[in-house]
Amino acid sequence: DTEVTQTPKHLVMGMTNKKSLKCEQHMGHRAMYWYKQKAKKPPELMFVYSYEKLSINESVPSRFSPECPNSSLLNLHLHALQPEDSALYLCASSQDWVQAGDEQYFGPGTRLTVT
Amino acid sequence: AQKVTQAQTEISVVEKEDVTLDCVYETRDTTYYLFWYKQPPSGELVFLIRRNSFDEQNEISGRYSWNFQKSTSSFNFTITASQVVDSAVYFCALSEAGDDKIIFGKGTRLHILP
């Protein structure tokens, strides 16, 4: 089973709202990732968790706050977003950190619209 | 610095034609990994293949085949007898051993016309 699930599938939020994106995998993977993808662009890495610890923050604004409650779950807390944050947010996981060259498995994404 | 170039922004072919998607990479490392991902309109990136720099063997999986040539720093992807379901954006990607992220190319949007 190479499935990564994400909820919700779609999210519309105002600039003053607080919401969370959720990601789950049951493949026993130890690395999990958040990506942001704008239309007609490749995914851009936001955060990497390795063994439940934040390993990489690609200078993401603090209005995005990641959390890894356990090795299977990854959350992205959203607060005071801007319209330009509207995008597809993809979660991924890999057996080990990308340094090992492991492939990443992606979830279906959450399409976020900030109004 | 590592870099992935997919020069073909968009390709359209008629169903059953063969099509090759080009990928050229740059890296200074001797150990690195190459990937292809498919992104259909639904949005999910689907992993297709992973190759490490020491394995130049070409690979075939059904109608899909990959040609890895270190001499030209290329990792091209061919779909034989294309089908409408192959319509998607295809990303080539690179990671270097010891590095902390995958570098994606800009993607090639493939349209298979019925």
Side-chain angles (χ1 to χ4, degrees), chain A residues 1-11 21 23 25 27 29 31-50 53-60 87-112, chain B residues 2-11 21 23 25 27 29-55 59 61 66 68 75 88-111:
Chain A
D1 182 13
T2 56
E3 188 178 89
V4 176
T5 59
Q6 288 186 245
T7 56
K9 197 174 174 77
H10 299 276
L11 178 62
L21 308 185
C23 173
Q25 57 89 13
M27 296 177 278
H29 289 175
M32 295 186 76
Y33 312 78
W34 279 116
Y35 287 86
K36 173 182 177 179
Q37 187 179 24
K38 301 285 270 185
K40 299 193 175 183
K41 299 286 186 184
E44 296 174 34
L45 183 66
M46 299 175 72
F47 303 102
V48 180
Y49 272 84
S50 179
K53 291 192 184 332
L54 182 63
S55 302
I56 295 172
N57 176 341
E58 288 284 295
S59 303
V60 179
L88 180 68
Y89 288 83
L90 293 161
C91 174
S93 70
S94 63
Q95 182 66 40
D96 206 330
W97 198 340
V98 70
Q99 289 186 6
D102 291 330
E103 62 272 18
Q104 294 179 22
Y105 293 92
F106 285 80
T110 294
R111 199 163 293 278
L112 174 67
Chain B
Q2 49 180 319
K3 187 178 172 183
V4 177
T5 302
Q6 294 181 255
Q8 303 149 310
T9 307
E10 203 157 342
I11 301 175
L21 309 183
C23 174
Y25 62 92
T27 177
D29 262 21
T30 55
T31 303
Y32 53 89
Y33 306 91
L34 294 163
F35 308 86
W36 275 96
Y37 284 88
K38 172 184 180 180
Q39 188 172 37
S42 58
E44 178 176 353
L45 269 85
V46 177
F47 165 72
L48 296 178
I49 190 171
R50 166 188 180 268
R51 261 288 177 266
N52 73 55
S53 53
F54 300 109
D55 183 2
E59 175 129 353
S61 176
W66 290 270
F68 177 24
F75 186 42
V89 180
Y90 290 86
F91 291 99
C92 180
L94 163 73
S95 70
E96 296 172 337
D99 204 347
D100 48 21
K101 57 183 167 183
I102 287 179
I103 301 298
F104 286 90
K106 292 187 176 180
T108 296
R109 186 172 297 270
L110 178 63
H111 301 280

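Every chain is numbered from 1 and lettered A, B, ... according to where its sequence line falls, protein lines coming before strand lines. Here the structure is a predicted model, which means the values were calculated and not measured.
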Nearest 0.5 Å, please: how far is [atom2] in [Y] from [atom1] in [X]?
X	Y	atom1	atom2	result
B:Glu44	A:Gln6	CD	CD	8.5 Å
A:Glu103	B:Ile102	CD	CD1	9.0 Å
A:Gln104	B:Lys101	CD	NZ	12.0 Å

Please check if the number of heavy atoms outside A:Lys41 that lie under 6.0 Å from its NZ is greater than 12.
no
Just checking B:Lys38: does its NZ atom have more than 12 heavy atoms from other residues, nucleotides or ligands closer to it than 6.0 angstrom?
yes
Distance-minimising heavy-atom pair for A:Leu90 and B:Gly43:
CD2-O, 3.9 Å
To check you understand the geometry: which heavy-atom pair defines the closest contact between A:Pro42 and B:Phe104, and what is its length?
CB-CB, 3.8 Å
Answer with side chain, backbone, both or neither: which region of B:Tyr32 has an atom nearer than 4.5 Å to a non-hydrogen atom of chain A?
neither
What part of A:Gln37 gets closer than 4.5 Å to chain B, counting heavy atoms only: side chain, backbone, both or neither?
side chain
